[in-house]
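Numbers restart at 1 for each chain; the letters A, B, ... are given by sequence-line order, proteins then strands.
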2 protein chains.
Amino acid sequence: MTAQNIDEMVRRHLADRDIRFTQGRKAVVRALHLSSGPQSAADLHARMKAQVPLSSLYRSLVVLEGAGVVAAHHSQGPVARFELAEWLTGHHHHVLCMSCGRVDDVSLDRTTESALAGIVVIVASKAGFSVSEHSLEIEGTCSVCRSENSAGTVTQAF
Amino acid sequence: MTAQNIDEMVRRHLADRDIRFTQGRKAVVRALHLSSGPQSAADLHARMKAQVPLSSLYRSLVVLEGAGVVAAHHSQGPVARFELAEWLTGHHHHVLCMSCGRVDDVSLDRTTESALAGIVVIVASKAGFSVSEHSLEIEGTCSVCRSENSAGTVTQAF
DNA sequence: TTCCTTGCAAACGATTTGCATTGGA
DNA sequence: TCCAATGCAAATCGTTTGCAAGGAA
């Protein structure tokens with residue numbers, strides 16, 4: 001998906017909802033599109049070279065989340081992380097590195113994903129819940145940290 | 001698992017690590033054991049009738065988490081939720097109600113769990129991660145909120 | 001003009017910490 | 001005895017908000 005495409009899809013999506021696609025919001029969408037995994041507000045702020053105050057950034061994120069353009073994740077500590085919604089990126093899951101805090105996206109092949117979906121239904125029904133979303137969060141150690149550790153290097157806390 | 005058992009297991013676990021099992025820490029473990037799902041610090045504080053200041057409660061949680069007695073979860077917004085570690089409660093997953101914020105535990109039968117474990121390995125290896133933990137977090141609507149909604153009652157935001 | 005959006009600074013809520021005091025092995 | 005644990009108050013951090021100024025339709 002090219003940046004142009006994303007931009008155009010978001011523009012239409014927002015137009016349908018009478019929400020303006022301002023410069024600030026465009027910049028957020030672009031920054032998210034250039035990122036590989038979920039980003040914290042501070043990450044985005046840095047990535048946009050602080051051209052926009054944090055408070056405005058947060059406001060853009062609130063609007064875009066409300067419009068269903070971005071999704072927020074809270075799994076990792078006290079800081080929220082944001083990424084483009086799945087209708088823009090495709091359905092995927094996250095792996096969290098417990099050593100350096102990095103979060104990566106992973107998507108599954110159709111077979112594995114449908115097996116997972118089956119399990120999700122089982123789990124939810126056991127608790128009497130109806131499912132709206134599911135996300136598999138896997139904690140582990142990324143390859144970088146693993147080699148650093150085995151080399152005796154200090155592990156970076158996060 | 002009775003409260004006595006938990007108490008005794010935790011006592012030994014902490015003793016092995018030269019960490020004291022003080023009144024405050026005992027109270028936290030007891031409160032967690034009496035709860036059905038992950039609890040926020042404020043929940044616990046209320047449940048313990050505010051006999052202990054919040055700051056001390058947090059300190060107990062930090063120590064217990066560091067010792068592997070308590071596990072913290074951050075999936076739900078800005079407030080952390082705590083529960084006893086899985087070696088005390090058994091492996092399980094969470095379902096989150098997007099309407100009222102409630103979080104319930106669900107455990108799977110051996111067959112389903114091992115199917116899930118297989119998927120987890122696939123996902124992690126795709127990202128070059130080695131797995132240490134996995135948790136399936138399912139977002140949905142609990143039965144209470146579903147019936148409230150269908151009855152036209154106001155949905156409680158959280 | 002008329003809203004909506006922005007910037008700035010102040011406010012907030014959850015969590016953490018400094019310091020003097022208390023408590024347990 | 002003596003270090004670890006506690007209570008209190010103040011600090012911190014991520015995030016939100018009030019208000020006045022800027023911008024687009």
Side-chain angles (χ1 to χ4, degrees), chain A residues 10-11 14-29 31 38-67 69-83 101 103 157-158, chain B residues 7 10-31 38-67 69-83 101 103 157-158:
Chain A
V10 172
R11 173 194 309 293
L14 293 181
D16 286 347
R17 290 163 178 71
D18 288 310
I19 297 171
R20 293 189 198 159
F21 199 26
T22 62
Q23 293 307 317
R25 294 169 192 174
K26 262 179 212 169
V28 170
V29 169
Q39 305 289 309
S40 70
D43 291 338
L44 293 170
H45 188 241
R47 200 172 285 249
M48 298 160 75
K49 305 213 281 192
Q51 286 157 5
V52 168
L54 256 180
S55 65
S56 299
L57 217 181
Y58 275 111
R59 277 200 258 236
S60 292
L61 288 169
V62 168
V63 171
L64 293 171
E65 188 186 359
V69 170
V70 317
H73 300 282
H74 306 270
S75 327
Q76 194 83 302
V79 305
R81 287 161 180 267
F82 304 86
E83 62 181 356
V103 185
F158 68 93
Chain B
D7 203 81
V10 172
R11 172 194 310 291
R12 286 198 205 124
H13 188 86
L14 293 182
D16 287 347
R17 289 163 179 70
D18 287 309
I19 298 172
R20 293 188 198 161
F21 198 27
T22 62
Q23 293 307 318
R25 293 169 191 175
K26 263 180 212 170
V28 170
V29 170
R30 197 175 318 126
Q39 306 288 309
S40 70
D43 290 339
L44 293 171
H45 188 240
R47 201 172 284 250
M48 297 159 76
K49 305 214 281 192
Q51 287 158 5
V52 169
L54 258 179
S55 64
S56 299
L57 216 181
Y58 275 111
R59 277 200 259 233
S60 292
L61 288 169
V62 167
V63 170
L64 292 171
E65 188 186 358
V69 170
V70 163
H73 300 282
H74 306 269
S75 329
Q76 196 82 300
V79 304
R81 287 161 179 269
F82 305 87
E83 61 181 357
V103 185
F158 67 93

Practice item. Mind calculating the distance between CG (B:Leu57) and P (C:dG13) to the nearest angstrom? Key: 19 Å

Point to revise | Protein-nucleotide distance (B:Phe82, atom CZ; C:dA14, atom C1'), rounded to Å | key: 10 Å

Exercise for review: Output the distance between atom NE2 (B:His73) and atom CD (B:Glu83), rounded to the nearest 0.5 Å.
Suggested key: 3.5 Å

Review point. Should B:Ser55 be listed as having a side-chain N or O under 4.0 Å from OP1 or OP2 of D:dG7?
Key: no

Check your understanding: Which nucleotide, D:dG18, D:dT6, C:dT15, lies nearest any side-chain atom of B:Ala80?
Key -> C:dT15

Study note, to complete from the structure: B:Leu61 atom CG is separated from D:dT6 atom P, nearest whole Å, by 11 Å

Point to revise | Whole angstrom value for the distance that separates P of C:dA10 from CG of A:Leu54 | key: 17 Å

Practice item. For B:Ala42, report the nucleic acid contact type (base, sugar-phosphate, nothing); a contact means any heavy atom under 4.0 Å. Key: nothing

Check your understanding: Which atom names give the shortest non-hydrogen contact between B:Ala67 and B:Arg17, and what distance separates them?
Key -> O-NE, 3.9 Å

Point to revise | From D:dC8, C:dA14, D:dG14, nucleotide with atom closest to B:Tyr58 side chain | key: C:dA14

Check your understanding: Hey, does B:Arg59 reach any base, or is it just sugar-phosphate, or nothing, if we go heavy atoms under 4.0 Å?
Key -> base

Check your understanding: How long is the line joining CD1 of B:Ile19 and C1' of D:dC3, in whole Å?
Key -> 15 Å

Review point. So, for A:Ala31 and A:Arg47, which heavy atoms are closest and what is the spacing to 0.1 Å?
Key: O-CD, 4.0 Å

Review point. When all nucleic acid strands are considered with a 4.0 Å heavy-atom cut-off, which category describes B:Thr22: base, sugar-phosphate, or nothing?
Key: sugar-phosphate

Revision key, fill the gap. Considering only heavy side-chain atoms of A:Val62, the closest of D:dT16, C:dT6, C:dT15 is D:dT16

Review point. Are the charged groups of B:Asp7 and B:Arg11 less than 4.0 angstrom apart, N to O?
Key: yes

Review point. Is B:His45 reaching over with its side chain to a backbone N or O of B:Val52, donor-acceptor style, under 3.5 angstrom?
Key: yes

Practice item. Would you mind reading off the bend of the helix from C:dT1-D:dA25 to C:dA25-D:dT1 from its two end axes, five pairs each, to 10 degrees? Key: 30°

Study note, to complete from the structure: Closest heavy-atom pair, A:Leu54 versus A:Ala41, reported as atoms and distance to 0.1 Å, is CD2-O, 4.0 Å

Practice item. Of all the heavy-atom pairs spanning A:Val70 and A:Leu61, show the shortest one and how long it is. Key: CG2-O, 3.9 Å

Point to revise | DNA chain C: 5'-proximal contact among B:Arg20 and A:Val63 (nearest heavy atom) | key: A:Val63

Revision key, fill the gap. Closest to the 5' end of DNA chain C, once A:Pro78 and A:Pro53 are matched to their nearest nucleotides, is A:Pro53

Review point. In whole angstrom, what separates B:Lys26's NZ from D:dA5's P?
Key: 14 Å

**Study point:** Atom-to-atom span, CZ of B:Arg25 to P of D:dG7 - whole angstrom
**Key:** 12 Å

Practice item. Round to a whole Å and report the spacing from CG of B:Leu64 to P of D:dA5. Key: 11 Å

